[in-house]
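Values reported hereafter were calculated over all heavy atoms of this structure, with side chains retained and with hydrogens, waters and symmetry mates removed. Every chain is numbered from 1, with letters handed out A, B, ... down the list of sequences.
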Amino acid sequence: MVRKDALMAERYNAKESEPHWQAVWAERDLFRTRNDDPRPTYYVLEMFPYPSGRIHMGHVRNYAMGDVVARYKRAKGFNVLHPMGWDAFGLPAENAAMERKVNPREWTYANIATMRTQLQSMGLSLDWSREIATCDPSYYKHQQRMFLDFLKAGLVTRRTAKVNWDPVDHTVLANEQVIDGRGWRSGALVEQRELTQWFFRITDYAQDLNDRLDTLERWPEKVRLMQKNWIGRSEGLELRFALDAPPAGVPEEVKVYTTRPDTLFGAKFLAVAADHPLAAAVAATSPALQDFIAACHRMGTAQEAIDTAEKLGFDTGLRVRHPFDPAWTLPVYVANFVLMEYGTGAVFGCPAHDQRDLDFANKYGLGNTPVVCPPGQDPASFVITDTAYDGDGRMINSRFLDGMTTQQAFAAVADRLEAEILGDAPVAQRRVQFRLRDWGVSRQRYWGCPIPVIHCESCGVVPVPVEDLPVTLPEEVSFDQPGNPLERDLAWRRVPCPSCGADALRETDTMDTFVDSSWYFARFTAPWLTDEPTDPATADRWLPVDQYIGGIEHAILHLLYSRFFARAMRKVGWGGADEPFAGLFTQGMVVHETYKDAAGAWVQPAEVRIVAADGGRQAFHVKTDAPVAIGPIEKMSKSKRNVVDPDDIIASYGADTARWFMLSDSPPERDVIWTEDGVQGASRFVQRVWRIVNEITERSDSGGSPADDLAVRKAAHKALAAVEEDIERLRFNRCVAHIYELANSLQDGLGRAGPPALAEAAGILVQLLAPMMPHLAEACWAVLARPGLVAEAAWPQVERDLLVEDSVTLPVQINGKKRADVTVPREADVAAVEAAVLALEAVQRALDGKAPRKVIVVPQRIVNVVA
RNA sequence: GCGGGCGUGGUGAAACCGGUAACCACAUCAGACUUAAAAUCUGACGCCGAGAGGCUUGCGGGUUCGAGUCCCGCCGCCCGCACCA
């Protein structure tokens, strides 16, 4: 009690401390990465943000995780690259321009400025000297260069594709602007229009993109699986059906792709897509079919409708011959469920073994013949009524296939039909098919990277010469009229043809913003280059990214496109790696309770006061005191108003508290619930660490027994070993638990252990904290009078000797239930442990004088006595 | 429909290879300090039971000396894809 005043260290003041240490780091330029640093490289990257206006808690979580890894790896002696940039093109800037009459560029750069300040207030160890914004000509110039390289290398094609067309606004709509089949602004029914557009030939790499997934061992299994399904590789047979007496103008054959050639003897019909050439040929003389095709097109738009859509078909009256029996013919339908984009746009229907075919056959009275008998079924009694059987089994009703397994039948059909000739080619061909389609990159938008080509009446499509890059967006832009402003801007569009010099027009499509984010990780390796997208040797050294961290929502598109770009960039000589991201981590969302007032309006958490009530909690509005209903916990979103502004949290608690809370509690891949109690708990811990560290330095009186010294040192080194392992595996919540444990041990040891042991343990505590709460750690480091900055300090070495105990306490089970403990020397052999256990009173009592049937001793773990 | 994941105290969770279920934290309760409150410190805290003890990882089975963990069958929730032949 005497030294109470002396021990009352001042409260840690994050508001003063955090900007101070940020200034110290900046002054020493601590986080600038040099490409010529000889140490081993480590590239940690978090998905760069879209500059929407302000950062949100999801950003705080994402960047806090990345910063832990970056600071830890730096302490471990790596040359760490940890850059930041802005995914700055996109629709919201255009929306803001339309709604608020602002310039998209100014709006975007203003947002970037705000968000940069916010990120800097988090104390992230970022190399800001490498900052890039994708909307800057210094970035998209190189993207245009690569587009031209890809074009030359045959990785870009141009063909027609459907777009969403708003007939009232006369504009192309992005998918997210189509709501329930209607334009988001006009409310008009959206039509599908064919437009000539640019495509990246990602399907050229479908096989490799599929196969290399297996090598991405540090990717979540879930993401690999999602990509695998998206790529959708299948092995099947393309087979040709000859038409039986086709009328004039109708093709003589139809090609069909099937993964189930084994079921060929169960075929009952053939169906082609509404867009299939055969359908068009028949429709030429059939107004009824024209109507049917038009109806199919109308249905195409609405996503939900497909779900419930009935299988509909139109009987063309044509018939095809069965490949194994020219006398056996099948009717040919045009069907609404057959997709022109997949396979050959035509299928043969085997109702017994495909649910869709069965629904269709039942509707049109086509019947079914089961040809695969499930294991354990009697073939004689096996019938299909309204549930198709798509499993394996033995072939029946299939002539020469009877008795075979489905796999054998597949091979037998393929072998025979590959050898059979129809006209001048084999009837069938084995073939691999993918669901993946080419990547349409054309967007009829202003705020994107211009596609660097010129359309000339006599020369056609002419690439912009590399020396003329970048093709910059016009500065002056107006969104008063609907449509793409670039199309109206003739001053910008009109250019001489680079090839013949005649009057020509610029391409007005800009690139999908996914292109911008498909190579930024490579640009970060040398963003100062003005003439080239990358320095290939430098890119080779840094890539792949060692640890990439971001949201699961990018599991497919962004990551797949980046994987495509890695391949394409290597092909055209810009270096990098086969795979862009060696390690991937997908973090969970930040969620929060929702609140609604009596009128049903959403209420912000900041306006809600929570009171503990009997058996639960009650919420009241801070201003009106009116009761507020507590709703379900949901993802923080503006629409539900359940957002907490990082600025507010940093202002009242500090960045360290926010970071600590985001890393504690929930496993990083799971959602974390933001609660006021949780932040306060984190904040209390900040103060506790500060008190402990200060108290240690203020106490030099107590002596400390060797046993107490050892206990504190053991606790510190145990925590060190555990945190090290858990950071490596990105298990930040476990790191937090270990650090709490160490703080508890340190507090226990305060009155007992000696100053050297306490100082050592406190130093370790501070270093463990440093990746997570860097400002607090820096302040504590100074209090401990340790030299330099903790941000520059090498990671401490674990003293392995301190991790092993001399004796171990083993649980003793009798018949699998824990009944006692036994403490034995660590090195005790099995016989010694067994003897010690059998001497225990509890064991004696249980055995009741008899010999045990069995004693299982698992060294260092457990003993089980079977009575 | 297809594919995948998850289910543990009041809450977030931990339990690595099948080996003491519940580390750590939040909340709650009690105590200390205080005129009081906050802050801080100490303690209790899975369930039943006064206790001894018994029970407990969504439910039901199985394998095993031993199962939260492995296998089979249900139930519930979540996510992704979706007419892909």
Length of the CG-P vector between Asn744(A) and G43(B), whole Å | 10 Å
Quick one: which of G19(B), G3(B), C81(B) gets closest to the side chain of Arg435(A)?
-> C81(B)
Sugar-phosphate, base or nothing in reach of Gln747(A), heavy atoms under 4.0 Å = sugar-phosphate
Test item: Gln687(A) and Arg11(A) side chains (from C-beta on) under 4.5 Å apart, heavy atoms = yes
Under a 3.5 Å limit on both distances, the Watson-Crick or wobble mate of C23(B) is none
Lys228(A) NZ - A82(B) P separation (whole Å) = 19 Å
Can you tell me if the side-chain N/O atoms of Asn733(A) get under 4.0 Å from OP1 or OP2 in A25(B)?
-> no
Could you grab the distance from atom SG of Cys735(A) to atom CZ of Arg729(A), nearest 0.5 Å is fine?
-> 11.0 Å
Between CZ of Phe265(A) and OG1 of Thr369(A), what distance do you get to the nearest 0.5 Å?
-> 12.0 Å
Please state the P separation for the pair U34(B) and A22(B) - nearest whole angstrom.
-> 38 Å
Which is true for Thr675(A) with a 4.0 Å heavy-atom rule: it touches a base, it touches only sugar-phosphate, or it touches nothing?
-> nothing
Any chance the side chains of Asn733(A) and Arg670(A) put a donor and an acceptor closer than 3.5 Å?
-> no
Nucleotide forming a Watson-Crick or wobble pair with A13(B), both distances under 3.5 Å = none
Rounded to whole angstroms, how far apart are NZ on Lys817(A) and P on G53(B)?
-> 15 Å
At under 4.0 Å between heavy atoms, what does Leu225(A) touch on the DNA or RNA strands: base, sugar-phosphate, or nothing?
-> sugar-phosphate
How many Å lie between CD1 on Ile739(A) and C1' on A14(B), as a whole number?
-> 16 Å
Looking for any heavy atom pair under 4.0 Å, which part of the strands does Thr259(A) touch: base, sugar-phosphate only, or nothing?
-> sugar-phosphate
Name the closest nucleotide to the Lys854(A) side chain, picking from C16(B), C65(B), A82(B).
-> C65(B)
Pick the C1' atom in A21(B) and in A67(B), then give their distance to the nearest Å.
-> 11 Å
So what does Asp354(A) touch, heavy atoms closer than 4.0 Å: a base, only the sugar-phosphate, or nothing?
-> nothing
Atom P, compared across C72(B) and G54(B): separation rounded to whole Å | 33 Å
Heavy atoms under 4.0 Å, any strand shown: does Arg437(A) hit a base, just sugar-phosphate, or nothing?
-> base
Since syn is defined as within 90° of 0, does G68(B) count as syn or as anti?
-> anti
Output the single nucleotide from A21(B), A85(B), A39(B) whose closest atom is nearest the side chain of Gln813(A).
-> A21(B)
Name the closest nucleotide to the Ser666(A) side chain, picking from A85(B), G12(B), G19(B).
-> G12(B)
May I ask you to say what Arg729(A) touches in the nucleic acid, namely base, sugar-phosphate or nothing, with a heavy-atom cut-off under 4.0 Å?
-> nothing
Look at all strands and tell whether Tyr740(A) reaches a base, only sugar-phosphate, or nothing, counting heavy atoms closer than 4.0 Å.
-> sugar-phosphate
Rounded P spacing from G1(B) to C47(B) in Å = 40 Å
Rounded to the nearest angstrom, tell me the gap between atom CZ in Phe732(A) and atom C1' in C23(B).
-> 19 Å
Trp230(A), nearest nucleotide to its side chain (from G12(B), A82(B), U20(B)) | A82(B)
Nearest to the side chain of Arg11(A) - C65(B), C23(B), A39(B)?
-> A39(B)
How would you label the glycosidic angle of C77(B): syn (within 90° of 0) or anti?
-> anti
Assign each of Thr809(A) and Ile856(A) to its nearest nucleotide of RNA chain B by heavy atoms, then name whichever residue's nucleotide is nearer the 5' end.
-> Thr809(A)
P atom, G12(B) versus G51(B): distance in rounded Å?
-> 28 Å
Can you find a donor-acceptor N/O pair under 3.5 angstrom joining the side chain of Asn864(A) to the base of C65(B)?
-> yes
For A30(B) and C45(B), measure between their C1' atoms and round to the nearest Å.
-> 11 Å
Do Gln813(A) and Arg819(A) come within less than 4.5 Å of each other through their side chains, counting heavy atoms only?
-> no
Options U20(B), A85(B), C16(B), nucleotide nearest the side-chain atoms of Val347(A) | A85(B)
Modelled atom types, side-chain donor and acceptor of Arg563(A) and Gln227(A), under 3.5 Å | yes
OP1 or OP2 of A85(B) sitting under 4.0 Å from any side-chain N/O of Tyr257(A)?
-> no
Pairing partner of C2(B) (Watson-Crick or G-U wobble, both distances under 3.5 Å) = G80(B)
Could you please name the partner base of C29(B), counting Watson-Crick and G-U wobble pairs only when both distances are under 3.5 Å?
-> G43(B)
Nearest of A13(B), U20(B), C65(B) to any side-chain atom of Lys818(A)?
-> U20(B)
Hey, is the side chain of Arg670(A) poking within less than 4.0 Å of OP1 or OP2 on A14(B), counting only N and O atoms?
-> yes
Rounded to the nearest angstrom, tell me the gap between atom CD in Glu695(A) and atom C1' in A39(B).
-> 15 Å
Whole-Å distance, Ile231(A) CD1 to G3(B) P, equals 19 Å
For Arg684(A) and C26(B), is the shortest distance between a side-chain N/O and OP1 or OP2 below 4.0 Å?
-> yes
Atom-to-atom span, CD1 of Ile814(A) to C1' of G66(B) - whole angstrom = 14 Å
With a non-hydrogen cut-off below 4.0 angstrom, is Asp665(A) in contact with a base, only sugar-phosphate, or nothing?
-> base
With no hydrogens and no angle check, do the side chains of Asn642(A) and Thr594(A) hold a donor and an acceptor under 3.5 Å apart?
-> no
In whole angstrom, give me the gap between the C1' atoms of G60(B) and G5(B).
-> 22 Å
Pick base, sugar-phosphate or nothing for Val855(A), based on heavy-atom distances below 4.0 Å to the nucleic acid.
-> nothing
Side chain to side chain contact (heavy atoms under 4.5 Å, CB included) evaluation trace for Thr675(A) with Phe661(A) = CA-CA 10 Å; Thr675(A) 62; Phe661(A) 178 44; 4.1 Å; yes
To the nearest 0.5 Å, atom CG of Leu776(A) lies from atom CG of Leu769(A) at 6.0 Å
Taking NZ, NE, NH1 and NH2 as the nitrogens, is one of them in Lys714(A) or Glu805(A) under 4.0 Å from a carboxylate oxygen of the other?
-> yes
Have a look at Val858(A) and say if it touches a base, only the backbone sugar-phosphate, or nothing, with a 4.0 Å heavy-atom cut-off.
-> base
Please measure how far the C1' atom in C16(B) lies from the corresponding atom in G9(B), and state the result in whole Å.
-> 23 Å
Along RNA chain B (nearest heavy atom to each residue), the more 5'-positioned of Ala346(A) and Arg731(A) | Arg731(A)
